[in-house]
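Values below: all heavy atoms of this structure, side chains included; hydrogens, waters and symmetry mates excluded. Proteins get letters first, then strands, A, B, ... in listed order; numbering begins at 1 in each.
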Amino acid sequence: MKYFLTHMFQRKSAMGDRRFGLDQGLFILSLLILVVTVLFPILMIVIRTFFKGTQLDWRLFTQVVLAPENLSAIINTVRIAFMVTVFGTLLGLFYAWLIGRSDIPLKGVMKALFTIPYMFPPFFGAMAWSLMLAPRSGYVNKLFMQLTGGTSPLLNINTIGGIVFVETCYYFPFVFLQVVSALERMDPTLEESARIAGAGQWYVIRKITLPLVLPAIAAGAMLILISSLSHFGVPAILGFSNNIFTLPTKIYQLINRSAGSFQGIREGASLSILLVIVVVAALYLQRLVLKTGHYDIIKGKSMRPMLIKLRGAKIPLLSISLVSLFVIVVVPLFMILIVGFLKAYGLPLKLENLTMRNYQYILGQSKMVQDSIVNSLFLSVSSGVITMFLGVMIAYVVIKVKPKGKGFLEILSLLPYSIPGIVLAIGVILVWSGAFGVNLYNTIWIILIAYIARYVSFAMKSASASLEQVHYSLEEAARSCGATHLESLRDITLPLIRPGMVAGFFLIFLPAMRELTTSVLLYGPFTRTLGVAIYAINSEGNTVQASALATVAIGIIVAGNLALRFITKERKGL
Amino acid sequence: MAIVAMKDVTVQYGKNVVIEGLSLEVEKGENLAIVGPSSCGKTTLMRALCGFIKISHGEIVIKDTVVSSPAKRIMVAPENRRIGVVFQDYAVWPHLTVIENIIYPLKKRKVNKLEAKERAYAALAQVKMSDFADRLPSQLSGGQQQRVALARALVSSAELIVLDEPITNLDATLREEMAYEIRNLQKTIGVTVIYITHDQETAMTISDRMVIMDKVGKIRQLGTPEEIWTHPTDRDVYTFLGVSNFLPLVRDREQVRLVSRTEPQTIGNTFFDIPKTFGSNLLLASRPMDIRLSPLSETDVGVVRGVVQRVTYLGNQFDYIVDIGGHEIRVQEDSLEAFRRGVPEEGSVRAVEFLSPSLYEADAQDPRFVF
Amino acid sequence: MSQITLKNVTKEFVTRGGHRVVAVDNFNLTIKEGECFSFLGPSGCGKTTTLRMIAGFEDLSEGEIWLGDKPVSIKSKNLYVPPEERGLGMVFQSFAVWPHLNVFENVAFPLRVMKLPKHEIRERVLSALSHTDLLSSQRVYPSDLSGGQQQRIALARSIVTNPRVMLLDEPLSNLDPKLRESMRFEIKALQKKFNFTIIFVTHDQSEAMALSDRMLVMDLGKIVQVGAPDELYQNPTNKFVYGFLGLSNFLKVEAVKGNVFPKGGAVMPIPFKLPKGVADGDGLLASRPNEIDISMDADGGYPAKIEKRLYMTFCIEYHIRIGKQSIRIHTSHANVFPEGSDCFIHFKNPRWYAKESQEIELERTERQVL
């Protein structure tokens, strides 16, 4: 290690001798923080699973993996993820083509609608759909039974099919956004030259367009697959009541049931390893797929692609997409909003049944809810600020300083991307509940540490993007104008990445505000977060209050998004 | 007096030697162009001079002060070298207005505010950008940004400016305009300019002296544009400077014979002063515009004959491909001149006359000598 | 029949700012069979838009386009033949070769669309590849090839169907200067071999002159002049064409009683006969740097002063001061005169042009940004 550190800076530095002190410090600090927050938890999971004391011990792992109930959870997880990926990809692809290449009207409106599922956590959707399609109590099912006079519901959302449906609604934008951006960046002459060569529109789509956007499709599909594999909220809300478990919900159940006992956590850790293996396998698959095609399809001249005239199909296609978007996006939100004002769940949706009581209760009387809002605000703001600065520091070291260990640093900071939140939570518990003399269990700090570990990849990516815009020569120009290294950072680099930093903050603040997966394992009696509170109230059956609180969360998230949009728009001036 | 002296400078990254043992002196007040193919190490040289990279061996002296010397453990920081730099990508700070960009170096040198403002506006006027003082760089074109960078370099140092020309600057007229401007500034202010470019045409128009570097970071030739153009030291420099024709010749006692694939052609050696050291295989080098084609008369003996393969009209000039004994050469003729003398037809045979050709020794394995 | 006829072709755009721009203004043009015809003009002059209307990628706002005796676009009858049915060959500036297909498959694509038998496809692809010097890289993917080779793939792909008309949209501008020159002649050789009509769009005047039988200079969406390259170079109708076709000096002059004086208080008239029908007043005396002689003896020359001498690769450039104005002169390397000395100049082939209004220049720069 000593050799490593002293030789790391043998590279011919771009800035002369004096810089070494500052840069070396930043590198070591970044490395330390990442090792402690990211590497330790992961290592602890491995150690606790495979070691008993200091002895290697496979038995626990094989025991856990081979337990029939866990096996069925594995099968469910993979099945759900597979179906969500297939349906999500098809849906995303359809809309992407419609918006990117056809002459369908109202593109702006549709694009705006597509960003909405991005903003909200899927478990809100699960709540909303269960309000409508829970087998006995759902409003739509009740209406259906009234109309038919029967006792069988129209649809049961508490099934694997229901879980797949809700996750698909929230994850298809991954493919949509990837493919739309690929279509927009694609050189239109690639398609035009095929037309000139005699190929009709559909032939061109099949033989030219689709193969060229395949990498984008694969990337989006993999994002869906990995997100669905490690997803907790939807199967938790829709599956528990029907005994449908996935790996993340099973892990949660194990830990929850054991009430923090060491054995329970060890079992959870073993299952986590299994989940990580599945995710890593998916990532490996992505590598294989992406390797086959990495094309440069960026356009040269700025030209508008030829749009395909839908002619007679225009109106039907427009109606289908508007209606489906309405159902996917607007209806669930509306449902949550309405139910939040209901006197009691199950009452008909009529004006006289509406009330403000739920809001008065959750905002005025429930200490737990008030705590959770304060906690979430504190956690999102502080993790946002800390992680964003951490991301800037790591990105600076990786991009500008380029020490010998930069690859390692980069891998560490991007690792949390592929680690499911629930796994990270277990690792954090293992490290911070006394194993190293520090016990933060049941405090808010343990959640903060988990958030930092979870969002550091976001921060690092967003900071890298803005730092890469700051070319070397901008700093060097300042040096040759008489500024010291520190002055050039202060006068040039920092002001230039400031807008990027603010945007980066919101990119952490927003998901942290609605976070459920990690906090649900880490919260203590006084450290519930907003997500946990909604989830808990909902599980207790207080549906109307849960909906009211979810509406409050939606309000906060929308405000945050508007702020983000405002800031990123300003940034274009630079 | 030399304002910059580089002595035996070597720059290497690991085992990769970018510049080896380079020595160069820049005279005060001159405009020195450093020109060479891309990635020949000319930008590295500039970065070493400015203090952005360390040199591995040798010494750099600016105005009698040693600024880089690994042997003496000296490495003066860039901010203390007092060189005005215009970067390839201009490096105009996008968050500051034009005038703020230019005031910045004065602020760092602790010039009082009033004077700083005055000097900045003066510099802005020098580069004809006074109307744009309060704009942001994003509201300027590439050429205008380059002017701002130049003004900033001028206030940063009135003695020595290093200018790295953008590679991607495709607009030839813009490049030319900038070249004239820099030359004017240099003459009026007397600042020393080191101009780094990949374009030999710009280098020739702009510089008092030019340095030709080769791919491995060595200086091939140093001299005024005229010296270099008229007496390129070797074939590589000759080729680098522009379109060049090489014809194989064989010295056969007192005769010089063109190596022909079709018919034997003799060139009288009266206009050649062939160095004694040269072997028997020689290359005659000539530029397209230094070759004259004329109608062949019956009485001509001992002239070189060529078949006109292709005639292309380019407006201001005609461009010909001429086959001489199986070797194709390019010939260019001013179009007014061509109309006066008669434009040769494709397929016709012409007498070919070489005005001021150069002579080089051929490599042993030169394919032009192989049949 | 592969002649191309444009009748009253007009194209209007509405920009994002709601500004209406006439990109192509009432074009009437016939391109003859087997001809190499160039559209030349600065960026934003509408040349690419015209080509794309011929290809069928852009709709017309007004007018008709005929390929031979077959109409392909007639706005008034709402007739529009899609690009795939026009039977044209086309090569784009960005090469537009398909990165997911290898060289052979790229070239075979048009034949596969036609559903030709396998052996015929193979035969025709190999023949096209041999004409473009690509036989050895059949199985290679385009990303492993240089820009020049990629453009050859595009050429091979467009000749494989043996089209009667070839549209070339700045096919050489993405290549380096040396390659650009040699590719010109490759295109010309292919035309000789396959006998197609070429429409060539470019902003490079030397390219247009080297390649075309006839060319058209466009400015601000309008046809300014049509003719053979030497006709245009020797007889430009206005200042724009003169300036666009080569290096030029525009000396501001004033005609007084048939004598032409440089502006800025000169006493001596320039020896130049004002063309018939030109009244006294301000104008421009256009000259090319290589069409002016310098000498040290008077000999009927106009007195001037050598301001600067620049040694360049293809010539020596002199900056010559005439009153308060400065012009450039290019001479061969043999003529070396000292800077600062008085001299006499001879305009060998000067032309008189009216001044261009500032609005026109402004509009031109604005169009380039659009």
What are the residues of residues 109-120 of chain C, in order of number, with any heavy atom under 4.5 angstrom from a heavy atom of chain A?
C:F109, C:P110, C:R112, C:V113
Any side-chain donor near an acceptor of the partner, [X] and [Y], under 3.5 Å:
| X | Y | answer |
| --- | --- | --- |
| C:E207 | C:T202 | yes |
| A:T189 | C:S94 | yes |
| C:Q149 | C:S146 | yes |

Would C:R139 and C:F104 count as a cation-pi pair here, with the cationic atom under 6.0 angstrom from the ring centre and within 45° of the axis?
yes
Just say parallel, tilted or perpendicular for the rings of A:W202 and A:W97, cut-offs at 30° and 60°.
tilted
So among A:F87, A:F94, A:F114, which one has a ring-ring contact (aromatic ring centres under 6.0 Å, His included) with A:F172?
A:F114
Honestly, the part of C:V97 sitting under 4.5 Å from a heavy atom of chain A is backbone
